[in-house]
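Have a look at the structure below, then the notes.
Residue numbers begin at 1 in each chain, while the letters A, B, ... track the order of the sequences. Because the structure is a prediction, the values reported are computed rather than measured.
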Amino acid sequence: MKDHIATLLRTAAKRLQNQQVLPTDLDTRGIKVELSRDKKHGDFAANNALVWAKAAQCPPLKLAQQLCAALPHSELIQSAHIAGPGFINFVCVIGADKHTIQSILTQADKYGHSEEYSDQRVLLESVSSNPTGPLHVGHGRLAAYGDSLANLLATQGYRVQREYYINDDGRQIDILTLSIWICYLKHIFPDVPSLPHAAYHGEYIRVYASMLYEQEAAQYGIDNIDDLYAGIPSDNEGEAADRHLDALIERAQQLLGVDNYTALSQWAVTKILHAIKDDLAVFGVRIDNWFSEKKITHSQEVRRILAKLSERDAIATRAGAQWFVATQYGDEKDRVLIRHNNKPTYFANDTAYHYNKLQRGFDSLINVWGADHHGYVARMRAALRALGFDAQRLKVQLVQLVALYRHGKKIAMSTRKGEFITLRQLIEEVGVDAARFFFVMRRIDQSTEFDLSLAIAQSKDNPVYYIQYAHARICSLYRQLEERSLVWDQQAGLNALAQLEQEEELALSRWLSEYPATLKNAAQQCEPAILVNYLKQLAGLFHSYYNAHSIIVNDSAVRNARLCLVSAVRTIIANGLRLIGVSAPQSM
RNA sequence: GCGCCUGUAGCUCAAUUGGAUAGAGCAACGGCCUUCUAAGCCGUAGGUUGUAGGUUCGAAUCCUACCUGGCGCACCA
């Protein structure tokens with residue numbers, strides 16, 4: 001319907017251009033027809049007279065009159081009139097948007113989808129939590145957002161691959177290995193000192209250590225616990241903690257030997273990764289490709305990147321380290337790629353990883369990161385630019401982390417200290433539906449405070465139920481129909497759509513017709529929250545309708561038509577919820 | 001100190017990306033179940049959109065300054 005009106009306006013504009021009222025070079029492609037917010041303003045509104053007034057050197061009201069006069073006749077439009085400062089408001093004939101309902105019924109779960117961007121391959125990287133501990137609530141938001149976004153993009157035709165980058169190499173993994181090993185040794189030597197400050201302290205460390213001891217009691221033992229701590233610098237706050245930890249890691253590698261140490265390390269990472277995969281599966285989050293950092297570190301990719309950057313004079317050697325001169329590419333500081341000890345930095349690996357992504361033939365990359373990584377965006381862009389890519393091909397979606405409160409007190413979410421609510425705990429407490437809905441119901445740049453105890457207490461009031469309830473109510477209507485031995489004649493209903501003339505029915509079908517534009521908008525803006533708001537509105541319109549009118553009435557034509565309408569509503573709710581990973585129950 | 005994000009009803013958030021009289025849900029108050037699911041609906045009350053300027057037909061939205069809160073500024077990841 002919007003397109004139809006836009007076409008009418010375009011024709012009118014062309015006529016005015018021929019009459020020299022509008023400049024001939026005026027761009028008439030960007031005509032925007034909006035659904036009126038207020039019924040007094042008709043069904044649809046266009047603001048072109050206001051937008052074009054300046055170019056036409058003509059007062060908006062006068063231009064609006066001329067546009068109106070030049071509009072071609074349409075049997076779908078009852079009237080077009082001018083209001084306010086120069087809006088053109090359109091009133092449609094009743095049933096003009098009946099093709100919406102028909103399309104929804106025939107296209108079902110494909111309704112509103114488009115193939116517009118089917119030539120675009122997108123790599124969407126999300127979560128990418130280090131395999132050093134279970135997923136927590138913050139990761140849950142990244143996962144829920146990333147998964148929903150991928151679904152949304154797919155509705156517009158994008159070929160999306162969902163990837164998880166596994167940081168399974170480097171110091172963090174060493175710390176994990178050491179933490180588990182020390183807890184493991186406690187089973188053998190009761191007097192093992194407590195874990196270093198800088199180690200991982202989560203409960204899961206002890207759990208895995210016990211598991212390891214049960215499975216491999218002898219494999220990772222040592223003769224004398226003093227061998228581990230002899231000559232190790234003491235454990236104090238600050239830098240001393242890191243020195244203490246690094247010395248212990250080195251000692252562990254000596255005592256265990258390379259093979260055993262590596263085996264232990266791999267055992268730990270594998271265990272944790274399995275847990276992460278399980279959590280995501282339970283959460284309904286799909287990952288197509290698990291990309292190991294080792295693919296980067298065990299190949300020559302970093303060296304290749306370095307060579308490429310050298311060719312472009314983007315490398316400088318300072319104080320024994322190799323720097324990427326990021327300042328020449330829009331970053332505020334230069335960045336170290338190769339440390340003085342000849343080890344590449346995380347940034348070096350990450351640059352190689354992003355280069356690898358683009359080499360795989362993706363047109364664009366989307367990274368879903370926690371907002372605390374925003375300082376990293378400029379340097380990643382700079383690196384891609386230096387490697388000769390258009391930095392616009394990398395889009396970084398920064399998701400505000402969830403600040404959790406319990407009983408009004410902020411919970412320190414520290415992976416290292418092991419103080420966090422895991423995603424698994426959250427799911428067990430509020431369920432997958434509520435959790436996924438909660439994570440995407442707000443725009444990602446909204447910082448949010450969330451009292452867990454409150455959310456658990458109010459779980460019955462979670463807004464997800466409002467939408468699901470609308471769906472369940474509609475399903476119930478069809479069960480009711482059966483009980484009354486009635487049959488829904490869809491074709492008869494479609495033929496009788498013009499009889500849907502109640503205010504609530506018109507509002508519903510108008511809102512249904514907005515679904516395709518909503519999907520497109522949500523995908524373009526990378527904001528699942530837009531879809532959520534749409535669904536809330538749709539559910540609200542339905543509940544109002546349901547309370548005001550009976551659907552199963554005696555008049556069979558009206559009944560069938562109403563059943564067509566609510567069936568369309570049901571389909572859209574189910575489709576929309578599916579895109580954000582929330583179920584649409586048949587009954588509640 | 002520098003940079004990024006944020007500020008809308010008592011609370012949590014919307015506002016079709018610059019449109020018409022800023023809207024929902026909680027919380028408060030008053031109504032609606034003998035009838036398709038009351039996890040619902042209808043109504044009342046609640047606002048100088050952080051502050052001050054600017055841009056234009058028109059600003060919560062864009063620009064500038066200041067204020068508030070969050071985050072980031074490693075040879076950590």
Say we look at B:U6 and B:G50: how far apart would their C1' atoms be, to the nearest angstrom?
11 Å
Hey, does A:Tyr376 reach any base, or is it just sugar-phosphate, or nothing, if we go heavy atoms under 4.0 Å?
base
Earlier contact from the 5' end, RNA chain B, for A:Glu332 and A:Asn547
A:Asn547
Does any N or O in the side chain of A:Gln468 come within less than 3.5 Å of the main-chain N or O of A:Ser583, such that one atom is a donor and the other an acceptor?
yes
Using the C1' atom as the point on both nucleotides, what is the distance between B:G53 and B:A22, in whole Å?
23 Å
Applying a 4.0 Å non-hydrogen cut-off, can you work out what A:Tyr466 is touching in the nucleic acid: base, sugar-phosphate, or nothing?
sugar-phosphate
Base orientation of B:C67, chi within 90° of 0 counted as syn, else anti, reads anti
Has A:Phe87 got its ring stacked on the base of B:A20, with centres under 5.5 Å and planes less than 30° apart?
yes
A:Gln397 has an atom CD; how far is it from atom P of B:C4, in whole Å?
18 Å
When you measure from the centre of the six-membered ring of A:Phe347, is the NZ or CZ of A:Arg379 closer than 6.0 Å and no more than 45° off the axis?
yes
May I ask you to verify if any side-chain N or O of A:Tyr545 is less than 4.0 angstrom from the OP1 or OP2 atom of B:C42?
no
Taking the P atom of each, how far is B:A14 from B:C62, in whole Å?
15 Å
By the 4.0 Å heavy-atom rule, please label A:Arg484 as base, sugar-phosphate, or nothing.
sugar-phosphate
Surrounding CD of A:Glu250 (heavy atoms of other residues, nucleotides or ligands, distance under 6.0 Å), is the total greater than 12?
no
Rounding to the closest angstrom, what is the interatomic distance between B:A20 and B:G58 at atom P?
14 Å
Hey, does the side chain of A:Tyr465 come within less than 4.0 Å of B:A39's phosphate (OP1/OP2), counting only N and O?
no
Can you see if the side chain of A:Thr345 gets near the phosphate of B:A74 - specifically, an N or O under 4.0 Å from OP1 or OP2?
no
With distance as the sole criterion, do the side chain of A:Asn47 and the base of B:G19 form a donor-acceptor contact below 3.5 Å?
yes
Should the side chain of A:Asn89 and the base of B:A20 be counted as holding a donor-acceptor pair, with the cut-off at 3.5 Å?
yes
Salt bridge present between A:Asp350 and A:Lys357 (N-O < 4.0 angstrom)
no
Tell me what A:Lys333 touches on the nucleic acid: a base, only sugar-phosphate, or nothing, going by heavy atoms under 4.0 Å.
sugar-phosphate
P spacing across the pair B:G47 / B:C11, given as an integer number of angstrom:
12 Å
Can A:His41 be said to stack with the base of B:A20, given centres closer than 5.5 angstrom and planes under 30 degrees apart?
yes
Taking B:G19 as the reference, what is the distance to B:C32 when you measure between their P atoms (whole Å, please)?
41 Å
Check the side chains of A:His549 and A:Arg562 for a donor-acceptor pair under 3.5 angstrom, ignoring hydrogens and angles.
no
Which nucleotide in B:C5, B:C36, B:G3 has an atom nearest any side-chain atom of A:Ser476
B:C36
Between A:Trp511 and A:Tyr534, how do the two ring planes meet: parallel, tilted or perpendicular, split at 30° and 60°?
parallel
From the options A:Val553, A:Ile551, A:Leu563, select the one residue that forms a side chain to side chain contact (heavy atoms under 4.5 Å, CB included) with A:Val558.
A:Val553
Take atom C1' in B:C33 and the same atom in B:G40, then report the distance between them in whole Å.
10 Å
Report yes or no: does A:Ser292 contribute a side-chain atom to a donor-acceptor pair with the main-chain N or O of A:Lys294 at less than 3.5 Å?
yes
So which nucleotide from B:A77, B:U12, B:C36 ends up closest to the side chain of A:Leu477?
B:C36
Counting side-chain heavy atoms from CB outward, which of B:C5, B:A15, B:C36 is closest to A:Asn533?
B:A15
What contact category does A:Ala321 fall into here, base, sugar-phosphate, or nothing, at under 4.0 angstrom with non-hydrogen atoms?
base
Just N and O in the side chain of A:Arg473: are any of them under 4.0 Å from OP1 or OP2 of B:U37?
no
Taking the minimum atom-to-atom distance to the side chain of A:His543, which one of B:A77, B:C5, B:C41 wins?
B:C41
Quick note, A:Asn167 side chain, CB onward, closest among B:A14, B:A77, B:C71 is B:A77
Using a cut-off of 4.0 Å on non-hydrogen atoms, how would the nucleic acid contact of A:Ser587 be classed: base, sugar-phosphate, or nothing?
base
Look at all strands and tell whether A:His471 reaches a base, only sugar-phosphate, or nothing, counting heavy atoms closer than 4.0 Å.
nothing
A:Ala319 side chain, from C-beta outward: closest of B:A77, B:C75, B:C42:
B:C75
So, does the side chain of A:His374 form a donor-acceptor pair with the base of B:C5 at under 3.5 Å?
no
A:Lys295: partners by side-chain contact (heavy atoms from CB on, under 4.5 Å), with sequence neighbours left out
A:Phe291
With nearest nucleotide decided by heavy atoms, which residue, A:Tyr469 or A:Glu514, maps closer to the 5′ end of RNA chain B?
A:Glu514
Return the orientation label for the A:Phe542 and A:Tyr545 ring planes: parallel under 30°, perpendicular over 60°, tilted otherwise.
perpendicular
So, for A:Trp290 and A:Tyr165, is the gap between ring centers shorter than 6.0 Å?
no
Check every strand shown and say whether A:Ala53 touches a base, only sugar-phosphate, or nothing at a heavy-atom separation below 4.0 Å.
nothing
Using a cut-off of 4.0 Å on non-hydrogen atoms, how would the nucleic acid contact of A:Ala472 be classed: base, sugar-phosphate, or nothing?
base
With a cut-off of less than 4.0 Å, is there a side-chain N or O of A:Arg379 near OP1 or OP2 of B:G3?
no
Heavy atoms only, 4.0 Å cut-off, all strands: where does A:Ser550 land among base, sugar-phosphate and nothing?
base
Which whole number of Å gives the distance between the C1' atom of B:U64 and that of B:U55?
11 Å
Whole angstroms only, please: what is the CZ-P distance between A:Arg442 and B:A14?
8 Å
Annotated structure of RNA chain B as dot-bracket, pair cut-off 3.5 Å, Watson-Crick or G-U only, | for inter-strand, is (((((.(..((((.....[...)))).(((((.......))))).....(((((..]....)))))).)))))....
Touch class at under 4.0 angstrom, heavy-atom based, for A:Ala378 against every strand present:
nothing
